[in-house]
Protein chains: 2
Amino acid sequence: MELADAPDPRLCHARHILDRVGDKWSISVIYSLGATTLRFTELRRAIDGISQRMLTSTLRTLERDGLVERTVHPVVPPRVDYRLTKLGLTLSETVCALMNWAVDHSGEIDEARAAYDRRADHQPVSAPAHPR
Amino acid sequence: MELADAPDPRLCHARHILDRVGDKWSISVIYSLGATTLRFTELRRAIDGISQRMLTSTLRTLERDGLVERTVHPVVPPRVDYRLTKLGLTLSETVCALMNWAVDHSGEIDEARAAYDRRADHQPVSAPAHPR
DNA sequence: CAGAATCCAGCCGGATACTG
DNA sequence: CAGTATCCGGCTGGATTCTG
């Protein structure tokens with residue numbers, strides 16, 4: 001009986017978690033928060049290119065997953081603080097490692113991409129879907 | 001001059017890399033390959049739920065980024081082997097750490113989600129976009 | 001077996017406008 | 001300030017069919 005290349009159940013289940021983590025904005029939020037506390041607008045400014053809609057929804061999801069803690073201060077004007085929970089902090093370590101890897105090897109990846117594109121014996125990677 | 005919460009340039013640039021890595025299928029592919037060599041169909045079976053279209057395009061992108069090496073054997077029927085490059089292997093360490101984190105804490109996250117959904121003082125996380 | 005090509009539904013996510 | 005609500009274009013990605 002061939003169990004050899006059966007779907008890895010660990011991998012399967014983990015995918016539900018990683019779908020969140022893999023989200024490009026979640027990574028940025030977790031990385032930006034780190035060990036500090038930030039307000040909504042501070043996060044918005046810290047993460048270049050994120051829309052308020054995406055920031056809201058990303059924060060909501062992270063809060064639901066128990067990774068981010070949301071604190072509303074009943075003052076006017078409103079003030080809401082976000083910070084990583086204990087669980088979120090453990091994840092942030094791994095996320096930082098990933099981020100550091102990306103920074104450390106971005107040069108190699110850029111080179112590899114350029115070299116790949118220079119060679120002509122391949123299909124264009126961008127546009128496998130709608131070449132028109 | 002307020003540099004305090006300016007966009008982190010490291011974060012900005014890294015996002016281009018992480019967009020690839022953060023892709024849910026890339027993580028699974030890198031994780032599945034690990035230190036071994038797999039054929040197209042073996043990968044397909046190992047990664048539950050992936051379509052051949054997504055596997056092809058994911059592998060192509062990883063190859064372009066210099067993370068995966070593609071070896072075509074001129075035999076019939078065709079045989080194509082995929083394995084991580086040296087660069088890909090360094091990434092796989094971090095990816096494994098992420099995967100392990102997900103496995104180790106999936107229980108806590110599931111609990112957090114359930115607890116969040118049990119409380120009624122929140123907006124439904126799913127459907128912030130098209131409630132219709 | 002390892003893909004390429006095509007079709008197309010669904011959701012992602014940006015832009016914008018409005019509230020407490 | 002910290003969101004919510006709505007509109008909607010575009011890309012993602014699944015299903016299917018067809019080759020060398």
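Labels below follow one simple rule: chain letters A, B, ... track the order of the sequence lines, proteins then strands, and each chain is numbered from 1. Below, all heavy atoms of this structure are taken into account, side chains as well, without hydrogens, waters or symmetry copies.
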Rounded to whole Å, CD of Glu63(A) lies from C1' of dA2(D) at a distance of 14 Å
d(Leu98(A) CG, Ser92(A) OG) to nearest 0.5 Å is 12.0 Å
Checking dC1(D), dA2(C), dG3(D) against the side chain of Thr41(A) (C-beta onward), the nearest is dC1(D)
With 3.5 Å as the limit, what N/O pairs link the protein to nucleotides 14-17 of chain C?
from: dG14(C); atom 1: OP2; to: Ser51(A); atom 2: OG; distance (Å): 2.7
from: dG14(C); atom 1: O6; to: Arg53(A); atom 2: NE; distance (Å): 2.9
from: dT16(C); atom 1: O4; to: Gln52(A); atom 2: NE2; distance (Å): 3.1
from: dA17(C); atom 1: N6; to: Gln52(A); atom 2: NE2; distance (Å): 3.3

Q. Is there a side-chain contact between Asp81(B) and Val72(B), using heavy atoms and a 4.5 Å cut-off?
A. no
Here the residues of residues 69-77 of chain A within 4.0 Å heavy-atom distance, strictly under, of DNA chain D are Arg70(A), Pro77(A)
State whether the side chain of Thr85(A) and the backbone N or O of Leu67(A) hold a donor-acceptor pair below 3.5 Å, judged by distance alone. yes
CZ of Arg60(A) to CG of Leu55(A), rounded to nearest 0.5 Å, is 9.5 Å
From CG of Leu59(A) across to C1' of dG3(D) the rounded distance in Å is 11 Å
Main-chain N/O of Ser51(B) paired with Arg44(B) side-chain donor or acceptor, under 3.5 Å: no
Arg60(B) CZ to dT12(D) P, in whole Å, measures 17 Å
- Query: Would you say the side-chain atoms of Glu111(A) pair up with the backbone N or O of Glu108(A), donor to acceptor, closer than 3.5 Å?
  - Reply: no
For dC1(D), does OP1 or OP2 lie under 4.0 Å from any side-chain N or O of Tyr82(A)? no
Arg39(A) atom CZ is separated from dG3(D) atom C1', nearest whole Å, by 13 Å
Atom CG of Leu55(A) and atom C1' of dC12(C) are separated, to the nearest Å, by 16 Å
Asp117(A)/Arg119(A) ion pair, N-O < 4.0 Å
no
Thr56(B) has its side chain closest, among dG3(C), dA2(C), dA2(D), to dG3(C)
Check whether any side-chain heavy atom of Leu62(A) sits under 4.5 Å from a side-chain heavy atom of Tyr82(A), and report yes or no.
no
As a check of understanding: the bend across the helix from dC1(C)-dG20(D) to dG20(C)-dC1(D), end axes from five pairs, rounded to 10 degrees, works out to 50°
Atom CG of Leu43(A) and atom C1' of dG3(D) are separated, to the nearest Å, by 14 Å
The ring pair (Phe, Tyr, Trp, His ring centres under 6.0 Å) partners of Trp101(B) (sequence neighbours excluded) come to His105(B)
Here the distance between atom P of dA2(C) and atom CG of Asp81(B), to the nearest Å, is 8 Å
Do the side chain of Thr94(A) and the main chain of Ala97(B) share a donor and acceptor less than 3.5 angstrom apart? no
dist Ile47(A):CD1 -> Ser32(A):OG (nearest 0.5 Å) comes out at 4.0 Å
Sequence neighbours excluded, the answer for salt bridge (charged side-chain N to carboxylate O under 4.0 Å, His left out) partners of Arg83(B) is Glu69(B)
Rounded to whole Å, CZ of Arg45(A) lies from P of dG3(D) at a distance of 15 Å
Item to check | Pairwise side-chain contact, Thr71(B) with Thr37(B), heavy-atom cut-off 4.5 Å (strictly under) | outcome: no
The reported gap from OH in Tyr31(B) to CE in Met99(B) (rounded to nearest 0.5 angstrom) is 5.5 Å
Pick out the pairs of N or O atoms, protein on one side and nucleotides 18-20 of chain C on the other, that lie under 3.5 Å.
none

